[in-house]
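Start at 1 and go down the list; that is how both ligands and their atoms are numbered. What you see below is based on every heavy atom in this structure, not just the backbone, and it leaves out hydrogens, waters and symmetry mates.
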Amino acid sequence: MSISRVGVIGAGLMGNGIAHAALLAGLEVTLVDMFEAALPKAVATMTKNMERQVTRGALAAQDSADALARLTTSTDYASLTGAELVIEAAPEREAVKAAIYKALEPVIGPEVILASNTSSISITRLGALSGRADRFIGMHFFNPVPMMRLVEIIRGIATSEETYATACALAKKLGKTIATAEDSPSFIVNRILCPMVNEAIFVLHEGTGTVASIDAGMKLGANHPMGPLELADFVGLDTLLEVMRVMHAGLGEDKYRPCPLLVKYVDAGWFGRKSGRGFYDYSVTPPRPTL
Ligand code: NAD
């Protein structure tokens, strides 16, 4: 099945990136968020990011205007009627996702494929909660979506071959490379990456290094393009904490225990870039380490 109309739920960091990539691939996109204010913010971000692509010569101004004209935004799930595939990019909490799937049941037809962008939650369990386990799949995009070339595609135990083939075709249409992962907590990339970032926070917490020395160490010593604490702020500390909690609970090993300093930052509302403060203070240019 070839997809031409998609719905995206959640207009945050990932939802707006997924909508951006889908619009530029020629798809009609309906973007839904329960918070009215999130929608103009997402459209402004997409517009600014497309303008940047136009300035760089990577996109024609007319193509950007045409792409934005294919976008509809709404706070009402009923606006998703007509979408052939819906990608959920709501916060990384199972109860939130479950409530969304329940609300979707009466508005999207039984044939519609539902994909979750979850970073870590079991696709098999979310599929069962969705009431359409055979048409449920994980499509895990990476931030920033328009730039990052990978999509992990994760089948739940009941996902049909047709659903898998459709999701793969959509990912390719969006210009992405696919890594197929088995349904295990955090799949492939985050299973490897997040414990490394969590370990960097332990190193900070124990006073072994400062924010600056840890990030410089991993950039220059391991040739990583971003330091792990810079990366944590970029991903969102709330999201990182949820991923670690899911891995800790799902894999049952202490090596996945979230660092107490990460918990404290999230408790303080210091979520990283999106809240203006995390391991760096983003109210100044360049951002200043906070420890
Ligand atoms: P975010 O907090 O930036 O955005 C979430 C959005 O969902 C917000 O705009 C919020 O208003 C909206 N929302 C909350 N409840 C809703 C509801 N009931 N209905 C509709 N919208 C609702 O989060 P994010 O970083 O974009 O993460 C979204 C998902 O993508 C999570 O599952 C996360 O694990 C996954 N993910 C995140 C990253 C990353 O780097 N941040 C990467 C890959 C996958």
Side-chain angles (χ1 to χ4, degrees), residues 7-21 30-46 73-80 83 86-105 107-108 114-123 125-126 129-130 137-154 171 176 179 181 185-194 197 226 228 230-247 250 266 269 271-276 278:
V8 178
I9 299 179
L13 206 58
M14 296 305 292
N16 103 61
I18 295 166
H20 178 128
T30 302
L31 180 62
V32 174
D33 200 289
M34 73 185 298
F35 296 105
E36 180 106 50
L39 294 166
K41 202 171 148 209
V43 175
T45 303
M46 269 183 258
T73 62
S74 178
T75 53
D76 186 357
Y77 294 127
S79 65
L80 294 167
V86 173
I87 303 173
E88 168 273 307
E92 189 70 345
R93 287 195 300 278
E94 196 169 315
V96 172
K97 294 184 188 295
I100 291 172
Y101 304 159
K102 203 168 177 51
L104 282 180
E105 252 177 66
V107 295
I108 62 173
L114 185 54
S116 177
N117 187 46
T118 179
S119 305
S120 59
I121 306 174
S122 161
I123 296 302
R125 202 163 60 241
L126 290 179
L129 288 170
S130 76
I137 195 154
M139 287 187 80
H140 183 221
F141 291 84
F142 291 81
N143 180 34
V145 181
M147 310 291 295
M148 299 293 280
R149 287 172 300 162
L150 190 75
V151 179
E152 278 179 309
I153 298 202
I154 309 104
K176 306 299 182 194
S186 290
F187 321 126
I188 298 172
V189 177
N190 282 337
R191 168 79 179 268
I192 299 168
L193 188 64
C194 293
V197 173
M226 280 176 120
E230 204 183 347
L231 180 61
D233 277 0
F234 188 68
V235 167
L237 302 188
D238 51 338
T239 301
L240 177 66
L241 177 59
E242 282 305 313
V243 173
M244 290 309 302
R245 282 184 169 148
V246 168
M247 271 199 280
V266 173
F271 296 161
R273 258 176 201 271
K274 64 182 164 188
S275 71

Spacing of Thr118 atom OG1 and Ile154 atom CD1 [to the nearest 0.5 Å]: 8.0 Å
Inter-residue atom distance Leu231.CG - Asp233.CG, 0.5 Å rounding: 9.0 Å
Distance-only side-chain donor-acceptor flag, Glu242 / Ser120, under 3.5 Å: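 Distance-only check fails for Glu242 and Ser120.
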Distance-only polar pair, side chains of Ser116 and Glu88, donor-acceptor under 3.5 Å: yes
Asp238 and Lys274 ion-paired at < 4.0 Å: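 Salt bridge present between Asp238 and Lys274.
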Provide, line by line, the atom pairs where ligand 1 and the protein bring an N/O atom each to a distance under 3.5 Å; else say none.
from	atom 1	to	atom 2	distance (Å)
ligand 1	3 (O)	Leu13	N	3.0
ligand 1	9 (O)	Gly12	N	3.4
ligand 1	9 (O)	Asp33	OD2	2.6
ligand 1	11 (O)	Asp33	OD1	2.7
ligand 1	11 (O)	Asp33	OD2	3.3
ligand 1	18 (N)	Tyr77	OH	3.4
ligand 1	19 (N)	Tyr77	OH	2.7
ligand 1	21 (N)	Met34	N	3.4
ligand 1	26 (O)	Leu13	N	3.4
ligand 1	26 (O)	Met14	N	2.8
ligand 1	30 (O)	Asn117	ND2	2.9
ligand 1	32 (O)	Ala90	O	3.2
ligand 1	32 (O)	Glu92	OE1	2.6
ligand 1	32 (O)	Lys97	NZ	2.8
ligand 1	34 (O)	Glu92	OE1	2.9
ligand 1	34 (O)	Ser119	OG	2.6
ligand 1	36 (N)	Ser119	OG	3.1
ligand 1	41 (N)	Val235	O	3.0

Verdict with supporting geometry, Thr73 and Val43, side chain to side chain contact (heavy atoms under 4.5 Å, CB included): CA-CA 9 Å; Thr73 62; Val43 175; 3.8 Å; yes
